[in-house]
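Each remark here refers to the structure printed beneath this line.
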Amino acid sequence: MDLSDRIIRRQQRDELPHLIEDYELIAPTSHLEEPIGRGPTLERLLDHFEPALEGRIPPNGYIYGVRGIGKSALVWAVIRQLASVTAVSPTAIHTSTRVDTRRMPGFVYVDAHVHTSLFAIYRAILDQLVDEPIPSQGVPTEALADRIGDRLRGTAGAVICIDHVDAPRAVDAAAIVEMFRMLPNNVAWVAIGELEPAAMPLTRYTDAPIRIDPLRQQVLIDVLMGRANRGLTPGAIDHAAARQVATWAEGNAHDALGALFIAADRAETAGRLSITHADLQAGCSAVPTDGVSLGRVMALPPNRQAVLRSLIDLDAGARASVTDATAALTMVDLSASTIKRFLYEMAEWGILTRIQSPVDHQPGRPPSRVEPNFAAPVFRRLYDLSQRQ
DNA sequence: GATCCACGGGAATACACGGATG
DNA sequence: CATCCGTGTATTCCCGTGGATC
């Protein structure tokens with residue numbers, strides 16, 4: 001072994017066994033290209049999209065279900081696959097009776113968490129339909145709409161999925177429908193949300209809504225074990241542990257993955273190669289029940305995330321009131337009034353929970369403090385990883 | 001010159017409470 | 001007793017400004 005080998009070996013010291021081999025693969029924010037154990041649900045989604053395989057535009061749709069059960073993961077995976085089929089075989093599948101030479105429609109997935117204005121939504125759609133770079137500002141919104149129209153006219157059209165249509169920061173659903181009116185009629189849309197169809201005005205314009213159900217316990221265990229197999233060192237977690245988390249999560253895959261992520265990160269930080277019962281306990285208790293998804297938190301604009309990142313490291317004293325927290329958040333390069341406004345806004349959006357201070361005898365309106373309404377340890381790790389580079 | 005958007009700042013409003021008023 | 005008022009905070013609302021693009 002020569003010196004350079006020795007040096008490389010030193011460099012690769014970090015390549016010694018780690019519990020977590022890939023944070024991405026166990027993160028509740030990332031989706032697998034092949035969802036685990038969701039065959040029947042995938043079939044129902046494919047039923048809806050099936051006309052596209054013969055070059056026809058499927059009806060508009062509404063996919064719904066309670067939070068955390070993998071709606072985004074499933075739709076994302078389906079759209080991704082369909083889009084790649086379109087890309088790989090530009091002509092539609094040949095039937096046994098005749099050759100259909102029409103092209104298949106394109107498939108587009110837009111997250112209304114991330115794209116919170118009509119302009120941004122148009123831009124995201126256009127970005128998936130064309131290769132050229134798209135202006136980020138300086139052009140009127142209608143110009144982007146026109147470009148989408150120009151691109152699609154005379155083609156097989158497109159199916160556009162808008163995820164999280166009923167999110168607090170999302171563009172109003174009615175405005176989205178209005179927006180699709182301006183596009184050629186070879187465009188279909190599929191909205192994904194949490195609201196029951198009766199409460200979702202959009203369903204006036206859709207085919208029968210498609211409900212996604214919470215994961216059965218065994219499926220959720222499979223999901224956890226599958227993620228662990230991909231992202232953790234072999235033997236990091238056993239079946240009983242996965243069952244423990246699955247039971248706690250009651251069909252909510254997002255929360256179960258969050259708990260697993262925290263448990264694994266805790267064990268990793270402690271230098272262990274397997275996850276203990278205490279790690280899992282810590283993981284479960286750090287995931288708030290009825291919290292908002294980490295996807296929603298990670299979709300926030302950079303400065304909001306920076307505020308959150310600093311906020312979750314403040315000690316209880318510094319977070320006693322919104323005013324105190326604002327004053328303590330000096331590491332963020334924003335004015336105090338902006339930080340304060342961010343905190344109130346994020347509370348409005350459900351990202352933070354406002355808790356009234358117990359009545360005291362100070363004059364004036366009693367303050368409230370804000371607490372994260374998401375799995376803070378997961379956000380801390382994902383945010384820090386995203387900052388390295 | 002137009003357009004979109006994040007910031008920043010401050011006005012307006014809400015709330016709590018003690019004390020005054022009708 | 002029900003209201004109103006004044007004071008002190010907290011919270012919400014709104015709009016101007018300026019950077020970055022086109």
Side-chain angles (χ1 to χ4, degrees), chain A residues 108 110-151 162 164-165 167-172 174-176 178-180 182-183 292 296-311 314 316-373 379 383 386-387:
Chain A
V108 174
V110 179
D111 188 347
H113 279 161
V114 179
H115 304 104
T116 55
S117 68
L118 277 182
F119 179 87
I121 290 179
Y122 277 129
R123 186 166 188 277
I125 293 170
L126 193 53
D127 184 48
Q128 291 173 70
L129 292 174
V130 303
D131 289 329
E132 310 97 67
I134 301 151
S136 56
Q137 14 187 357
V139 300
T141 304
E142 292 71 35
L144 295 186
D146 291 345
R147 277 184 68 179
I148 295 175
D150 293 345
R151 161 68 181 77
I162 310 272
H164 307 117
V165 282
R169 301 173 56 224
V171 178
D172 179 62
I176 294 184
E178 198 52 40
M179 151 178 134
F180 283 105
M182 300 173 59
L183 298 178
V292 301
R296 193 166 295 194
V297 179
M298 299 305 291
L300 291 169
N303 278 338
R304 320 264 170 171
Q305 290 193 44
V307 167
L308 280 185
R309 177 65 186 85
S310 298
L311 179 73
L314 294 183
R319 281 188 288 111
S321 72
V322 171
T323 303
D324 290 345
T326 301
L329 291 170
T330 53
M331 60 296 279
V332 185
D333 185 25
L334 292 168
S335 78
S337 93
T338 297
I339 293 174
K340 181 176 280 191
R341 177 166 60 82
F342 280 9
L343 293 177
Y344 282 120
E345 283 178 354
M346 290 192 288
E348 184 84 4
W349 300 337
I351 306 282
L352 298 172
T353 304
R354 268 173 55 189
I355 299 165
Q356 287 275 156
S357 299
V359 278
D360 53 14
H361 36 274
Q362 302 295 313
R365 184 175 178 168
S368 54
R369 67 195 157 86
V370 286
E371 296 287 348
N373 188 32
F379 171 67
Y383 181 86
S386 74
Q387 294 301 300

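Quantities reported herein were computed from a predicted structural model and do not represent experimental measurements. Chain naming here is simple, since letters A, B, ... match the order of the sequence lines and numbering starts at 1 in each. Note that these values count all heavy atoms, side chains included, but never hydrogens, waters or copies made by symmetry.
Remark: P of B/dA2 and CG of A/L144 are 19 Å apart, rounded to the nearest angstrom. Look at CZ on A/R304: it is 8 Å from C1' on B/dA6, rounded to the nearest Å. Between the CZ atom of A/R123 and the P atom of B/dT3 there is a distance of 18 Å, rounded to whole Å. Taking atom CZ of A/R169 as the reference point, atom P of B/dA6 lies 8 Å away to the nearest angstrom. To the nearest angstrom, C1' of B/dG9 lies 10 Å from CZ of A/R341. One interatomic measurement links the two molecules: CD of A/Q356 to C1' of B/dA14, which rounds to 12 Å at whole-angstrom precision. Look at CZ on A/F119: it is 17 Å from P on B/dA2, rounded to the nearest Å. For the pair A/D333 CG and B/dA6 C1', the interatomic distance rounds to 13 Å; values are reported in whole Å.
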Between protein and nucleotides 20-22 of chain C, what N or O pairs are separated by less than 3.5 Å?
| residue | atom | partner | partner atom | Å |
| --- | --- | --- | --- | --- |
| C/dA20 | N3 | A/Q137 | OE1 | 3.1 |

Give each protein N/O atom lying under 3.5 Å from an N/O atom of nucleotides 5-8 of chain C, with the pair distance.
| residue | atom | partner | partner atom | Å |
| --- | --- | --- | --- | --- |
| C/dG8 | N2 | A/R365 | N | 2.8 |

Exercise. Under a 3.5 Å cutoff on both atom distances, Watson-Crick or G-U, what's the dot-bracket for DNA chain B ([ ] crossing, | other strand)?
Worked result: ||||||||||||||||||||||
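The structure places CZ of A/R319 at 10.5 Å from CG of A/L329, a figure rounded to the nearest 0.5 Å.
Residue A/T141 has a polar side-chain atom (N or O) positioned under 4.0 Å from OP1 or OP2 of B/dC4.
A/A299 and A/H113 make their closest contact through CB-CB, 3.8 Å (heavy atoms, listed as atom of the first residue, atom of the second, distance).
Counting only heavy atoms from C-beta on, A/Y344 has its side chain closest to C/dT12 among B/dG9, C/dT12, B/dC4. Side-chain proximity of A/P367 to C/dA10, B/dC4, B/dG9: nearest is C/dA10.
Counting non-hydrogen atoms under 4.0 angstrom, A/S368 reaches the backbone sugars and phosphates but no base. Contacts of A/Y122 with the nucleic acid, taken as non-hydrogen atoms under 4.0 Å apart, are absent. Within 4.0 Å (heavy atoms only), A/R354 reaches sugar-phosphate atoms of the nucleic acid but no base atom. Using a 4.0 Å heavy-atom criterion, one finds that A/T338 contacts the bases of the nucleic acid, with or without backbone contacts as well.
Scanning atom types as modelled, one donor and one acceptor separated by under 3.5 angstrom connect the side chain of A/S337 and the base of B/dG9.
In this structure, A/P140 and A/T116 both approach DNA chain B, and ranking their closest nucleotides by distance from the 5' end singles out A/P140.
Although no hydrogens or angles enter the test, the distance criterion places no donor-acceptor pair under 3.5 Å between the side chain of A/T326 and the main chain of A/I339. Judged purely by atom type and a 3.5 angstrom limit, A/Q305 uses its side chain to pair as donor or acceptor with the backbone of A/L300.
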